[in-house]
Number of protein chains: 2
Amino acid sequence: MDLRHLRYFVAVAEEENIGRAAARLHISQPPLTRQIQQLEEELGVTLFTRTPRGMTLTQAGELFLDEARNIRALVEQATERTQRAGQGKLGRIDVAIFGSAILDAIPKLLLAFRNHHPDVKVVLHTMTKAEQIEALRQRRISVGFNRMLAPLEDLETRQVTTEKLLLAVRADHPLARLESIPFAELQHHPLVLFPTGARPSFIDKVIGLCSERGFQPKISQEVGDAVTGVALVAGGFGVCLVPESATTLQFPGVVYAPLSDTPPNFKVDLSCLYRKGDASPILAAFLQTVAEYGKS
Amino acid sequence: MDLRHLRYFVAVAEEENIGRAAARLHISQPPLTRQIQQLEEELGVTLFTRTPRGMTLTQAGELFLDEARNIRALVEQATERTQRAGQGKLGRIDVAIFGSAILDAIPKLLLAFRNHHPDVKVVLHTMTKAEQIEALRQRRISVGFNRMLAPLEDLETRQVTTEKLLLAVRADHPLARLESIPFAELQHHPLVLFPTGARPSFIDKVIGLCSERGFQPKISQEVGDAVTGVALVAGGFGVCLVPESATTLQFPGVVYAPLSDTPPNFKVDLSCLYRKGDASPILAAFLQTVAEYGKS
DNA sequence: CCCACTCAATACCTCCAGGGTATGATCAAA
DNA sequence: TTTGATCATACCCTGGAGGTATTGAGTGGG
């Protein structure tokens, strides 16, 4: 049996006349007669009673008509859904984000993606950079968001946004009283750095910036993420360089101050990471949204 | 797209290897490759990612695998159900019975049919003989049960059972005192006859039997059915000839007495009626049960 | 009562597409 | 580098789907 048989059968059942059905199917009458006979023979069931006025369904034929319509509808639906899946409009994508630093860009980006692709389920996983790389290789996720990504053999990187750096200081800290804080001031104050974990990280960026200006920072404490870092600033552990988006973390007694006289490239990127050669249309759609987000 | 494509696709998806799938399908590898390519092209979707180790499903492919299995199962089920319908094991049959005279044979018969064909819904309709004939011609029913059926052009008759006739009399009636009631006695007592309606009916049978013995019965009352007839007997309207099965009607003060010295053919048939040339397998199965019932 | 009409079924032909064999291209592991 | 595994391509062959012409059967009008 074939889908063709079903199509032909439904046409004959609806027209109750082989000639008309053949016309509707754009074939001639004899082949249609034969197909119906074949179908009946294969099922071993008489589907039509032949009358001099045409063909009428038997009871078994009525039942089979229901089933045939059902099957045809299902096939229709299957192709449609599969096509949407193939265009990245239906399915699921597993996305990794890091600790707590997802404070601004990522929620907006995910919102934009959901608006454009409401039938794609986005599953978020919180992972460190090292975990993201492993999960990508094991195909547990398709994209990861992170900062300070070094180029890798099998993974591709794409920049999402760039943020200026601000200094988190206690409101009662001497630096907080200055009109503007020169970058070089940092050498006199203990710094809270983050995140610990896989290198290179934001820590190295900060140390690099300092050494460009010819000093080594005093490291007060290394912590896992920006939230903890700002908490320690509030606790008097020193000052902390944070990406601009961290200002959404409103901590009582902590202010975010811009620096002046900064080294060039005084900013940090947010990038996303995905497998080289990943042909998933959903990933493509996701990266498309990422690119559009970057433009705005 | 074809059911063949689905079959092939499922095989490849399950084997994750075209060669093995081809072996399982008893075809060679190249045609299978081509069929998969065709399917992908028709859908416009990449269903597999080709690796040097075989084929793995894309996300869209996973989805389509689900759908394909679904469709194939539905096709399987459709053929199976249609075949059962074609064998008269699944479906519905509309059966007409007459007024209240269905006191013994028909319930047993329907029970036997339901036991053999549990998935056939038997729908009962109460109709007079004339209504049955009309309903058969209009295909509203497939079988009717009745008595005294004259041969018809387009309808076939089949005898179900034959019953002896008994006389319903009041217990205090003079005839009830006799050891045996000779048939000729009927000429001296008013008779309740049934049913009214389309001729020939049981009425004509009784009148015929009397005239065979050279007398005309005194007609006390004509009524619609046996139940009413026996009720009138209880009310003193006279006596009434009833088929044996009517004895299941236990009426206070009414007894059923056998007659002696009866004319030949002193009995009445229960027959069923169906369209000539009706090829319905359910009707065939039903008539099969009727035939088996008749034997027992 | 017969003829014309309407359908479905049959006979026979053509041609395309599905299947086969042989071979190529690519990648991984030994 | 070689070998083995896997998918893709090239080319041929045959079965079957579709076409035309015709037959057979049953109905209704003249």
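Every chain is numbered from 1, with letters handed out A, B, ... down the list of sequences.
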Taking only residues two or more places apart in sequence, or in another chain, which ones meet [X] in a side chain to side chain donor-acceptor pair (under 3.5 Å)?
| X | answer |
| --- | --- |
| A:Arg7 | none |
| A:His116 | none |
| A:Asn70 | none |

For [X], enumerate each residue passing the side chain to side chain contact (heavy atoms under 4.5 Å, CB included) test, keeping only those at least two apart in sequence or located in another chain.
| X | answer |
| --- | --- |
| B:Glu134 | B:Gln138 |
| B:Glu62 | B:Leu57 |
| B:Ser280 | B:Asp278, B:Ile282, B:Leu283 |
| B:Lys205 | B:Met148, B:Phe202, B:Leu209, B:Asn265 |

Separation of atom [atom1] in [X] from atom [atom2] in [N], rounded to whole Å:
| X | N | atom1 | atom2 | result |
| --- | --- | --- | --- | --- |
| A:Glu16 | C:dT6 | CD | P | 19 Å |
| A:Arg50 | D:dG24 | CZ | P | 19 Å |
| A:Ile18 | C:dA8 | CD1 | P | 5 Å |
| A:Glu42 | D:dG16 | CD | C1' | 14 Å |
| B:Leu32 | D:dT9 | CG | C1' | 15 Å |
| A:Glu41 | D:dA17 | CD | P | 12 Å |
| B:Ile36 | D:dA8 | CD1 | C1' | 13 Å |
| B:Gln37 | D:dA10 | CD | P | 11 Å |

Problem - Letter per nucleotide, 5' to 3', of nucleotides 21-30 of chain C [B base touched, S only sugar-phosphate touched, - untouched; heavy atoms, 4.0 Å] - result: BB----SSS-
Practice task
Establish, yes or no, whether a centroid distance under 6.0 Å links the rings of A:Phe145 and A:Phe98.
Solution key: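 No; A:Phe98 has its ring centre 6.0 Å or more from that of A:Phe145.
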Practice task
Choose from D:dG19, C:dA8, D:dC7 the nucleotide whose nearest atom is closest to any side-chain atom of A:Arg34.
Solution key: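 That would be D:dG19.
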Exercise for the section: Report the nucleotide, chosen from C:dC7, D:dA17, C:dG19, that has the shortest atom-to-atom distance to any side-chain atom of B:Ile27. Expected result: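 So the nucleotide nearest the side chain must be C:dG19.
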Exercise for the section: Inspect the surroundings of CZ in A:Arg137 and state if more than 12 heavy atoms from other residues, nucleotides or ligands are less than 6.0 Å away. Expected result: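 Result for CZ/A:Arg137: enclosed.
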Side-chain N or O of [X] versus OP1/OP2 of [N]: is the shortest distance under 4.0 Å?
| X | N | result |
| --- | --- | --- |
| A:Gln35 | D:dG16 | no |
| B:Asn17 | D:dC7 | yes |
| B:Gln38 | C:dG18 | yes |

Problem - Any residue of residues 55-63 of chain B with a heavy atom less than 4.0 Å from an atom of DNA chain C - result: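 Output list: empty, so none.
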Practice task
Can you sort out which residues in residues 2-15 of chain B have a heavy atom within less than 4.0 Å of DNA chain C? Ascending by number, please.
Solution key: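 Output list: B:Arg4, B:Tyr8.
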Practice task
Only pairs at least two apart or in different chains count here, so list each ring pair (Phe, Tyr, Trp, His ring centres under 6.0 Å) that has a residue in residues 268-296 of chain B.
Solution key: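 Applying ring pair (Phe, Tyr, Trp, His ring centres under 6.0 Å) to every pair that reaches into residues 268-296 of chain B, excluding sequence neighbours, yields B:Phe113-B:Phe286.
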Practice task
Using a strict cut-off of less than 4.0 Å between a Lys/Arg side-chain nitrogen and an Asp/Glu carboxylate oxygen, indicate whether A:Glu80 and A:Arg84 qualify as a salt bridge.
Solution key: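 Salt bridge flag = yes for A:Arg84 with A:Glu80.
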Please report, to 0.1 Å, the donor-acceptor pairs under 3.5 Å made by any side chain of residues 37-45 of chain B, with sequence neighbours excluded.
unit_1: B:Gln38; atom_1: OE1; unit_2: B:His5; atom_2: NE2; d: 3.3
unit_1: B:Glu40; atom_1: OE1; unit_2: B:Arg50; atom_2: NH1; d: 3.1
unit_1: B:Glu40; atom_1: OE1; unit_2: B:Arg50; atom_2: NH2; d: 2.9
unit_1: B:Glu40; atom_1: OE2; unit_2: B:Leu47; atom_2: N; d: 2.8
unit_1: B:Glu40; atom_1: OE2; unit_2: B:Phe48; atom_2: N; d: 3.1
unit_1: B:Glu40; atom_1: OE2; unit_2: B:Arg50; atom_2: NH1; d: 3.0
unit_1: B:Glu42; atom_1: OE1; unit_2: B:Met1; atom_2: N; d: 3.0
unit_1: B:Glu42; atom_1: OE2; unit_2: B:Met1; atom_2: N; d: 2.7

